[in-house]
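What follows is a set of notes on a single structure, which appears directly below.
If you're wondering where the values come from, they're calculated on a predicted model, not measured in any experiment.
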Amino acid sequence: MALKQRTTIPITVHIIRRSDGSGGISTNAVENAIVNTNAFFKEAGMEFFLCNGVRLINDNDLSSYNALEDEFKLISRYNVPNVINVYFAAQTLVGEDAPVCGYTYLPSSRSPDIVVINNSCATTKTLPHELGHYFGLFHSHGKSNCGKITDELVDKSNCQTAGDDVCDTPADPNLRQGSNCETFIIDRNCNYTGTLKDQTGNLFVPDVTNIMSYSYDVCRTRFTAEQAARMVYFKDNFRDYLTCSVGSAAAELSLRSEMNVTPSTLVCNQPFSITVDIENEGDAAFAGEIVAALYDSEGNFISVIESINFTNGFGIGTSLRLRFESVGIGFTSGRYQVVIFSRNTGASDFQLVSPYVYQNPLFLNANCGSNEDCTTPTGLVATPTYTNISLSWNVASGATEYQTRIRTVGATEWVEGNQAAPTRTTWYAILPCEQYELQVRAICGSSISNYSPSIIVKSEGCNDVYCYASGDYEENWIQKIQLNTLINESGINLGYANFTNRSTILEKGITYNMVLIPGTGGSNASMFWRVWIDFNQDNDFDDQGEQVIQRSTGNRTSVTAAFSVPNGALAGFTRMRVSMASDGFATSCQTNSLGEVEDYTVNIKGTGNTLIASPANLVFNEFGQTESVLVRSNMAWSVTETLDWVTVTAGTGIGMVVSMFAYWKIALGLVVVEQFN
């Protein structure tokens, strides 16, 4: 087996907080972001590690960070020389009201060594994307952000000088069209939906999985080989000064956490990975190699798994999560051990990394037959809504990942989902009142099971006479609405939710305030709200006066808007639709806005025809109990029981006190005062 080596690159992480220490991202989130980033840079042989640990910046001046106003202060006060300074901030603006997930600079003699990341984007692909820029990569659609279609041709004839200047990335028109990149031409299942053509009339076929594209975050999974080579070139020729200072005293490495192996039982001839946290507890930075090697149970050497070369030094008092990966080692069933060694630059001998209370070496079992029979998953269950189908299934023996697929009933082509470890997933952006066929299969190393028998489900919405509307919930959704007695904190509903089982009473001629609260994944974009009520009950929202609210606001703030119920509205139950989007005001039947849609029911009552009583609701807790209601409406009224609406008594008048007795027919139920016609 060939020895694999990686070059380490020092970064210093700064967490920007308010002056009182609040508002910062956790150090655990930072460590996870670095681990996730390193997985993308394996192709380039690059490994990022913390040099000088994590630094905390408590500074109100910088907590609402705007690059145009604050970058000079940030660099002059806090930048560490000769490392990549990664700053995490609660707000990252570039210009006036222009929020971004992150930014950095392409390599040049004048570019500062900074990467700024919004806290809300720490768990996304933003950090590897920005580090790609830092090491010389353009977007896969070229040298602009928004508003232009790439100049690269589909036939690759100008790929070295157009687009991203990389030839193994297909020509990409930009997966987010519009002057502000507001229109996606890719669906949530990572399918390109555009029909754009290059300058010669050829249809674009972009790579939606490229980390440097403007694809959905879940779709972006890789750099290409030529992108990796380009980053190595810029690292060696423009960023060759990056180093973590090494002193004259001794470094001392130790295991900070227990080693973990994936999969937990080795599979013969299949890859596996070992993850371990190592800390430098010495008085100097460590420069040299850290190696993972495989031994048999008797301590006989078998093979090197992987070696990481810290040419630039591993900082004092800092820890680093390392991931060692095999490429498949031939061995027989039995018991083995993985050992972690280190060797300083210039030294001849390897030393065991100090295990302390943790195991080094780590003993593992190998089973050569564990992937020969990859069983098909059973127990597939599907739960549909209007807009999505949630799937779950039983664990399959030997499976490390699963894959589902979906198609409409009668279609010949399947749409396959991503491979993932959980025994559940969700397909969204589906159509209402549509029959879908779904299957699942197991992946066991290099073996793949058959797909399971199909399960067929029908999405909701078949009896809904109103047009269907939905949004893309990824970054923005309706968090909460409040209208009269209707209060609903719904959270994320994957683009659409039908809450028509929830209602409130609205009186004709009365003005009501409605509170609309957005939920966001960190976006500071403006939110555009519209609310419609079908006052004439003709099953649409197209009539004059039925759009009752249109308001916009920025910075994730709530909206309070007033509207009046027209006297000409029909009495009775009718539909109310609430729409929120970040890409402009949506129409009542729009299905591709960047936000969410929710439907509710309102009950229109005539002016003065809603009885007011105190208390409004009575609960009889025992047989024979007597309660009183003060009637405050000059109209006929009755007292009724909600289960079968049995009339107890009736009368007229204002300020009349009525005693109600819990007859046996009421069966101890909830008693309410209602209009009597």
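- At distances below 3.5 Å, at least one donor-acceptor pair connects side-chain atoms of E306 with backbone N or O atoms of E325.
- Side-chain contact check for N82 versus L242: every heavy-atom pair is 4.5 Å or farther apart.
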Check: residues 24-33 side-chain donor-acceptor pairs under 3.5 Å, at least two apart:
from, atom 1, to, atom 2, distance (Å)
S26, OG, A29, N, 3.1
N32, ND2, N28, O, 3.3

Report the C-alpha distance between K42 and N38 in whole Å, list the side-chain angles of each, state the deciding distance to 0.1 Å, and finish with yes or no for side chain to side chain contact (heavy atoms under 4.5 Å, CB included).
-> CA-CA 7 Å; K42 289 190 302 179; N38 282 334; over 6 Å; no
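- R323 has its side chain out of reach of I274: every pair of non-hydrogen atoms, C-beta onward, lies at least 4.5 Å apart.
- Residues F40 and H129 have side chains not in contact (no heavy-atom distance under 4.5 Å, counting atoms from C-beta outward).
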Could you please spell out the steps behind the side chain to side chain contact (heavy atoms under 4.5 Å, CB included) verdict for N118 and V100?
-> CA-CA 7 Å; N118 190 295; V100 295; over 6 Å; no
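- Looking at every heavy atom in both residues, F341 comes nearest to V353 through C-CG2, 3.8 Å.
- In this structure, the side chains of V116 and T104 stay at 4.5 Å or more apart for every pair of heavy atoms.
- No side-chain heavy atom of N210 sits under 4.5 Å from any side-chain heavy atom of V208.
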Stepwise, does the side-chain hydrogen bond (donor to acceptor under 3.5 Å, both in side chains) test hold for S63 with R18?
-> CA-CA 5 Å; S63 60; R18 302 184 189 94; 5.3 Å; no
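- Listed by chain and residue number, H139, Y214 satisfy the side-chain contact (heavy atoms from CB on, under 4.5 Å) test with N145 (two or more places apart in sequence, or in another chain).
- With contacts defined as side-chain heavy-atom distances shorter than 4.5 Å, the pair S273/V261 does not qualify.
- Rounding to the nearest 0.5 Å places CD of E401 at 13.0 Å from OG1 of T423.
- Put simply, the side chain of N66 does not reach to within 4.5 Å of the side chain of E71, judged on heavy atoms.
- By the neighbour-count criterion of 12 heavy atoms within 6.0 Å, atom NZ of K73 is densely surrounded, having more than that number from other residues, nucleotides or ligands.
- Contact of the F41 side chain with the M231 side chain is registered, since non-hydrogen atoms from C-beta on lie closer than 4.5 Å.
- Between D164 and R230, no side-chain nitrogen of the basic residue sits less than 4.0 Å from a carboxylate oxygen of the acidic one, so the salt-bridge criterion is not met.
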Carefully, step by step, assess D172 and T150 under the rule side-chain hydrogen bond (donor to acceptor under 3.5 Å, both in side chains).
-> CA-CA 7 Å; D172 180 350; T150 184; over 6 Å; no
Can Y87 and H14 be said to form a ring-ring contact (aromatic ring centres under 6.0 Å, His included), step by step?
-> CA-CA 5 Å; Y87 294 89; H14 310 260; 4.2 Å; yes
Take D113 and Y134, measure what side-chain hydrogen bond (donor to acceptor under 3.5 Å, both in side chains) needs, and give me the verdict at the end.
-> CA-CA 8 Å; D113 295 309; Y134 180 86; 2.6 Å; yes
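- Note that SG of C167 and CD of E226 are 5.5 Å apart. Values are rounded to the nearest 0.5 Å.
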Derivation and outcome, side-chain hydrogen bond (donor to acceptor under 3.5 Å, both in side chains), residues R220 and S215 = CA-CA 6 Å; R220 300 189 295 174; S215 183; over 6 Å; no
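- In terms of modelled atom types and a separation under 3.5 Å, the side chain of D187 and the main chain of N189 share a donor-acceptor contact.
- Nearest heavy-atom pair across P271 and S326 is CA-OG, 3.3 Å.
- The main-chain N or O of N79 is never found under 3.5 Å from a side-chain atom of N85 such that the two would form a donor-acceptor pair.
- Results of the side-chain contact (heavy atoms from CB on, under 4.5 Å) test with T8 over N309, I308, I290 single out I308 as the only residue that passes.
- Nearest heavy atom pair, residue P170 against residue D168, reads CD-O, 3.9 Å.
- For Q160, the CD atom counts as loosely surrounded, since its 6.0 Å shell holds 12 or fewer non-hydrogen atoms of other residues, nucleotides or ligands.
- By the side-chain contact (heavy atoms from CB on, under 4.5 Å) test, F301 pairs with A293, Y295, V304, sequence neighbours left out.
- Rounding to the nearest 0.5 angstrom, the gap separating the CD1 atom in I211 from the CD atom in E43 is 13.5 Å.
- In this structure, K143 is positioned above the aromatic face of F138, its NZ or CZ under 6.0 Å from the six-membered ring centre and within 45° of the axis.
- Counting all heavy atoms, side chain and backbone alike, G398 lies closest to C444 at O-CB, 3.2 Å.
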Yes or no on side chain to side chain contact (heavy atoms under 4.5 Å, CB included) for H141 and L175, after CA distance, side-chain angles and deciding distance?
-> CA-CA 8 Å; H141 53 262; L175 299 175; over 6 Å; no
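- Judged by a 6.0 Å distance limit and a 45° cone about the ring axis, R188 is positioned over the six-membered ring of Y216.
- Taking each heavy atom of T126 and C121 in turn, the nearest pair found is OG1-CB, 3.6 Å.
- Atom CD of E130 is separated from atom CG of L137 by 11.5 Å, given to the nearest 0.5 angstrom.
- In this structure a side-chain-to-backbone donor-acceptor pair under 3.5 Å is present from N60 to S19.
- Geometrically, R239 does not engage F234 in a cation-pi contact, judged by NZ or CZ lying under 6.0 Å from the ring centre and within 45° of the ring axis.
- Separating the CE atom in M212 from the CG atom in D207 is a distance of 13.0 Å, to the nearest 0.5 Å.
- Each of N119, N58, L74 was checked for a side-chain contact (heavy atoms from CB on, under 4.5 Å) with I16, and the lone residue meeting it is L74.
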What's the verdict on side chain to side chain contact (heavy atoms under 4.5 Å, CB included) for T275 and T262, showing C-alpha distance, side-chain angles and the deciding distance?
-> CA-CA 8 Å; T275 304; T262 304; 5.8 Å; no
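- Between Y336 atom OH and L294 atom CG the span is 7.5 Å, to the nearest 0.5 Å.
- For R424, the CZ atom is loosely surrounded, since the number of other residues' heavy atoms within 6.0 Å does not exceed 12.
- Here the shortest heavy-atom pairing between C146 and N174 reads CA-ND2, 4.1 Å.
- Using cut-offs of 30° and 60° on the angle between ring planes, the pair Y65 and Y103 is parallel.
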